Amino acid sequence: MKNLYIVIAVLFIPWSFSLAKYDEFEDGDDIMEYDDNDFAEFEDVNEDAVTESPQRIITTEDDEEEATVELEGQDENQEDFDDTDTQEGDTESEPYDDEEFEGYEEKPDASHSKNKDPITIVNVPAHLQNSWESYYMEILMVTGLLAYIMNYIIGKNKNNRLAHAWFNTHRELLESNFALVGDDGTNKEATSTGKLNQENEHIYNLWCSGRVCCEGMLIQLKFLKRQDLLNVLARMMRPASDQVQIKVTMNDEDMDTYVFAVGTRKALVRLQKEMQDLSEFCSDKPKSGAKYGLPDSLAILSEMGEVTEGMMDAKMIHFLTHYADKIESVQFSDQFSGPKLMQEEGQLTKLPETKKTLLFTFNVPGSGNTSPKDMESLLPLMSMVIYSIDKAKKFRLNREGKQKADKNRARVEENFLKLTHVQRQEAAQSRREEKKRAEKERIMNEEDPEKQRRLEEAALRREQKKLEKKQMKMKQIKVKAM
Amino acid sequence: RSLLLHARYKPPATETNPALEDPTPDYMNLLGMVFSMCGLMLKLKWCAWIAVYCSFISFANSRSSEDTKQMMSSFMLSISAVVMSYLQNPQPMSPPW
């Protein structure tokens with residue numbers, strides 16, 4: 001099938017070329033010109049010179065354009081014999097499309113004066129000139145394309161260099177902490193590839209696994225789209241920075257139940273709207289972390305005060321204060337399920353799956369103009385990640401905290417069930433009605449009158465039984481209430 | 001150290017949640033095809049050139065999961081639109097001003 005497409009494509013282009021060529025040969029006059037003798041060109045000129053003058057007289061009054069065309073044809077024949085193409089076109093008296101002279105304007109007065117003086121040099125239509133200058137728009141377009149391609153190559157290489165610089169800086173730390181560094185999921189056995197997995201020209205992944213307490217860690221280097229010129233130009237208006245996103249998936253037994261986030265105020269506001277868990281469990285607005293000594297740029301979102309107290313120990317505060325400019329957001333959550341899914345009302349039948357996760361988003365310094373050396377400054381942040389993993393494992397809520405947390409989770413689940421309760425009821429109702437209808441149809445379709453009667457009786461009896469059951473239940477409830 | 005069963009790499013969730021993906025390459029692909037059809041049907045040279053640009057932009061922004069066949073087909077279509085426009089009308093493009 002692929003080969004067929006290629007063959008068709010290959011045939012199509014020369015066919016179209018040949019079609020176009022045929023247009024030029026439609027008139028019979030042209031064929032006359034291609035005699036073998038050397039003076040074929042001159043023959044036609046002489047003939048046309050004779051035939052054109054009477055035509056000129058007739059047509060000047062009628063159609064000024066045609067008159068100028070005649071003149072040009074004549075002038076060209078006398079001056080430029082090398083260009084047979086122009087000859088073909090110009091020795092025609094009739095089928096001049098207006099299209100061919102679109103970009104060309106000749107003053108109507110000029111034609112009268114030129115009647116008397118046929119050797120005046122006239123403006124030749126642009127495409128008949130043998131110079132490239134007239135094609136300046138095309139040249140501009142091609143230059144633009146070349147610039148785009150150059151930018152693509154340069155941008156791609158820069159991203160590549162940045163990614164490898166990051167990896168070289170962090171490799172040691174990662175290899176000392178994780179048994180499996182680098183995996184693209186294609187090998188049958190779990191062996192370290194020791195390489196970044198390039199997803200895109202601007203996104204690089206690294207999967208690390210094989211450490212106690214965590215299931216695995218996915219690092220995504222989300223660079224700016226340096227390979228796309230449009231993006232580069234857009235970034236000149238609105239600066240942005242490269243980001244490093246780290247997602248640590250914790251084992252179920254290694255993390256207690258809490259939801260906590262810290263980061264820039266803007267980022268937290270956005271996350272609170274977008275993320276399922278933050279919107280459900282952290283209802284307050286992001287609070288300032290000044291109480292713990294955090295700079296003003298950072299804010300805290302937490303499920304309960306106890307979690308914040310537990311998380312903000314000396315070392316964490318140290319990390320956060322020193323590297324505040326590079327931290328975009330840090331999120332610890334046992335109910336992490338990603339961003340809120342946009343689903344229709346009727347489809348939400350069960351809660352999305354949650355996983356215990358630690359999420360970190362760091363901004364690479366330089367705000368776009370990064371060099372490979374800047375990657376070294378991110379190394380302490382990786383240490384913070386490792387520290388956080390251990391901390392999340394160690395931190396346990398006390399009894400009160402645990403009760404509150406459980407209550408919160410139960411509340412969220414209940415809300416969800418309430419929301420879907422109506423839908424589930426409707427679904428059950430419609431199912432019951434379906435069954436009744438199916439039975440009625442069966443009874444109707446039964447041809448034997450005997451059988452019909454029997455089935456009807458059976459249905460009636462079933463209905464009666466149901467009604468009795470309901471009455472019994474109502475009585476029981478009444479008794480209990482009393 | 002005992003041999004742990006390492007968790008394997010799974011592609012990130014964007015593949016299961018299409019809302020998270022960047023829609024640029026798809027839009028650019030579609031735009032490129034629309035412009036090249038316009039260029040071919042209406043014999044507009046600038047349409048054809050914009051189609052070529054669109055297909056380049058779509059290629060630069062493409063995801064790894066995108067197959068090259070679609071990129072190539074959009075690119076070929078735009079190139080053929082440019083070629084056809086010039087064969088039908090060899091005059092250079094006139095600027096809009």
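Computed from a prediction, not measured in an experiment: that's the story for all the values here. Below, chains carry the letters A, B, ... as their sequence lines are ordered, and counting in each starts from 1.
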>> If you count every heavy atom of other residues, nucleotides or ligands that lies below 6.0 Å from A:Glu253 atom CD, does the total exceed 12?
In response: yes

>> Taking side chain as everything from C-beta outward and backbone as N, CA, C, O, which of these in B:Ser73 sits under 4.5 Å from a heavy atom of chain A? Side chain, backbone, both or neither.
In response: neither

> What closest approach, in Å, do A:Asn200 and B:Ser62 show between heavy atoms, and which atom pair accounts for it?
Replying inline: OD1-O, 2.6 Å

> Quick one: what part of A:Leu229 sits under 4.5 Å from any heavy atom of chain B, side chain, backbone, both or neither?
Replying inline: neither

> Can you tell me if A:Glu201 uses its side chain to pair, donor with acceptor, with the backbone of B:Asn61 under 3.5 Å?
Replying inline: no

> Minimum heavy-atom separation for B:Trp49 to A:Val142, with atom names?
Replying inline: CH2-CG2, 3.7 Å

>> Could you check whether atom NZ of A:Lys156 has more than 12 heavy atoms from other residues, nucleotides or ligands sitting under 6.0 Å from it?
In response: no

>> Check the orientation of B:Phe59 and A:Tyr152. Use parallel for under 30°, tilted for 30 to 60°, and perpendicular for over 60°.
In response: tilted

>> Please give me the minimum heavy-atom distance between A:Glu138 and B:Met93, naming the atom from each residue.
In response: OE2-N, 2.8 Å

>> To the closest 0.5 Å, what do you measure between CG (B:Asp22) and NZ (A:Lys225)?
In response: 3.5 Å

> Hey, are the side chains of B:Val52 and A:Met141 touching, using non-hydrogen atoms and a 4.5 Å cut-off?
Replying inline: no

> Does A:Tyr136 use its side chain to pair, donor to acceptor, with the backbone of B:Pro92 at less than 3.5 Å?
Replying inline: no

>> Donor-acceptor pair, distance only, cut-off 3.5 Å: does the side chain of A:Tyr148 make one with the backbone of B:Tyr53?
In response: no

>> Heavy-atom cut-off 4.5 Å, strictly under: side chain, backbone, both or neither for A:Leu145 against chain B?
In response: both

